[in-house]
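One structure below.
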Amino acid sequence: MEQLPIGIFDSGLGGLTVASEIMSILPQESIVYFGDTARCPYGPRDLNEVRRFVLEIGAWLAARPVKLMVIACNTATAAGLALAQQAFDVPVIGVVLPGARAAVRSTVNKNVGVIATVGTVESGAYSRAVRGLDAGVTVFSAATPKFVDVVEAGLHRGHGALEDWLAESSDVFIRPSFHELARDYLDPLKRSGVDTLVLGCTHFPLLSAAIQGAMGSNVTLISSAAETASEVQYALKRRGHLAPEGQLVKHRFATTGDSVSFAKFGSRVLRHQIDTADHSPLDTLVELPSAELLTLIDGLGGASR
Ligand code: DGL
């Protein structure tokens, strides 16, 4: 079991921010990363549809096989973590609880802001997680879906003098108009007096410098990536499933979208060269779930958001 890789998935490239932290604290572990780029973004979709995607990709990872799964997407965690934990035989870790825990630890004035996709905000997952940890903390949530588009567009822009200038202090290329968008989204949170802001979407750490600039230096930004990586380490250690020292480390990447651009732009997010990514067509993905999983998926038809 300990020789098996860790499975990580997201709607696209954003989850590589989590993969990067896992690779940094667990350098002896191999990972299999699945980016569902062809169906990105998940944020505006019905949560039942996202639950189905979670089960399909979980089945794909379970078939590798993997020793633990990380849902490196807040929307997919909010929609499908509980279902995935029920469906698969390995531990499944999401990104919402680790982010909530870090926020509760950080806040002094007990006012925490969360920015996330529409799906994550509407699910109420962060409010529940934060209040479950400390009922005295007030959560102010804002859906900031255009930030996902900014990251996607910024990543797909090439290098050049103009792009470098536009990138300013961000990890991705952003246009000056971003600041206006950030003001519209973030001013209400600033007025609420939050001292801590959770980046409740795995795409957002790539905008953290610009978001910090808009919020001001007195607000602490929380990315759940580091906290999630620690949880993965703890879960593997507790089960005696950490990879043995000296094991050959091999990372694999797969995407439902264009594998060449995944490798190219993913390398930028991961800060680690992705030599190749495999293309996994959607039609093979939907054929994977077992009869038992299909029953769970069918059951989603009647469930509500
Ligand atoms: N990375 C996803 C998340 O953390 C957001 C992107 C999307 O909408 O698919 O929620």
Side-chain angles (χ1 to χ4, degrees), residues 7-22 33-54 56-58 69-81 84 92-100 102-103 113-129 141-156 171-172 181 185 197-208 211 221-229 231 253 255-257 261-262 265-266 268-270 282 285 305:
I8 306 174
F9 73 92
D10 177 41
S11 58
L13 297 167
L16 289 169
T17 56
V18 180
S20 172
E21 289 290 340
I22 293 174
Y33 183 94
F34 191 96
D36 194 6
T37 330
R39 299 188 289 196
C40 185
Y42 283 3
R45 293 176 187 269
D46 182 88
L47 290 190
N48 271 343
E49 187 179 25
V50 179
R51 283 184 188 108
R52 182 163 55 78
F53 297 169
V54 168
E56 287 169 3
I57 299 168
M69 289 184 206
V70 181
I71 307 184
C73 170
N74 291 264
T75 316
T77 299
L81 176 66
V92 185
I93 290 175
V95 282
V96 171
L97 189 57
V114 176
I115 52 171
T117 64
V118 172
T120 302
V121 169
E122 287 188 356
S123 75
Y126 269 102
S127 306
R128 273 196 304 282
S141 303
T144 57
K146 288 191 184 148
F147 282 179
V148 177
D149 305 336
V150 170
V151 171
E152 290 288 327
L155 278 172
H156 289 79
D171 287 333
V172 295
L181 177 69
Y185 276 151
L197 180 68
V198 180
L199 305 177
C201 171
T202 51
H203 278 64
F204 297 171
L206 297 165
L207 295 173
S208 58
I211 293 172
L221 298 193
I222 301 288
S223 151
S224 49
E227 193 79 10
T228 303
E231 192 155 327
F253 301 86
T255 176
T256 47
S261 78
F262 183 92
F265 303 114
R268 205 183 273 175
V269 182
L270 194 63
L282 277 176
L285 196 62
R305 202 174 237 201

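We count ligands from 1, going down the list as the structure has it; atoms in each ligand are counted the same way. All residue numbers refer to positions in the sequence shown, counting from 1.
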(request) Go through the structure and list residues passing side-chain contact (heavy atoms from CB on, under 4.5 Å) with Thr256, not counting sequence neighbours. (result) Phe34, Asp36, Ala38, Leu282, Leu285

(request) Check salt bridge (Lys or Arg N to Asp or Glu O under 4.0 Å) between Glu231 and all other residues, then give those that pass, not counting sequence neighbours. (result) Arg101

(request) Kindly tell me which protein residues have any non-hydrogen atom under 4.0 angstrom away from an atom of ligand 1, grouped by chain and ordered by number? (result) Asp10, Ser11, Cys40, Pro41, Tyr42, Gly43, Cys73, Asn74, Thr75, Thr117, Val148, Cys201, Thr202, His203

(message) Which heavy atom of Arg45 sits nearest to which heavy atom of Arg39, and what is that distance?
(response) NH2-O, 2.9 Å

(message) I'd like to know if the side chain of Tyr33 reaches the main chain of Leu16, judged simply by a donor and an acceptor atom lying under 3.5 Å from each other, with no hydrogens or angles considered.
(response) yes

Donor-acceptor contacts under 3.5 Å from residues 143-150 side chains, at least two apart:
none

(request) Would you give the length of the straight line joining atom CG of Asn74 to atom OG of Ser11, rounded to the nearest 0.5 angstrom? (result) 10.0 Å

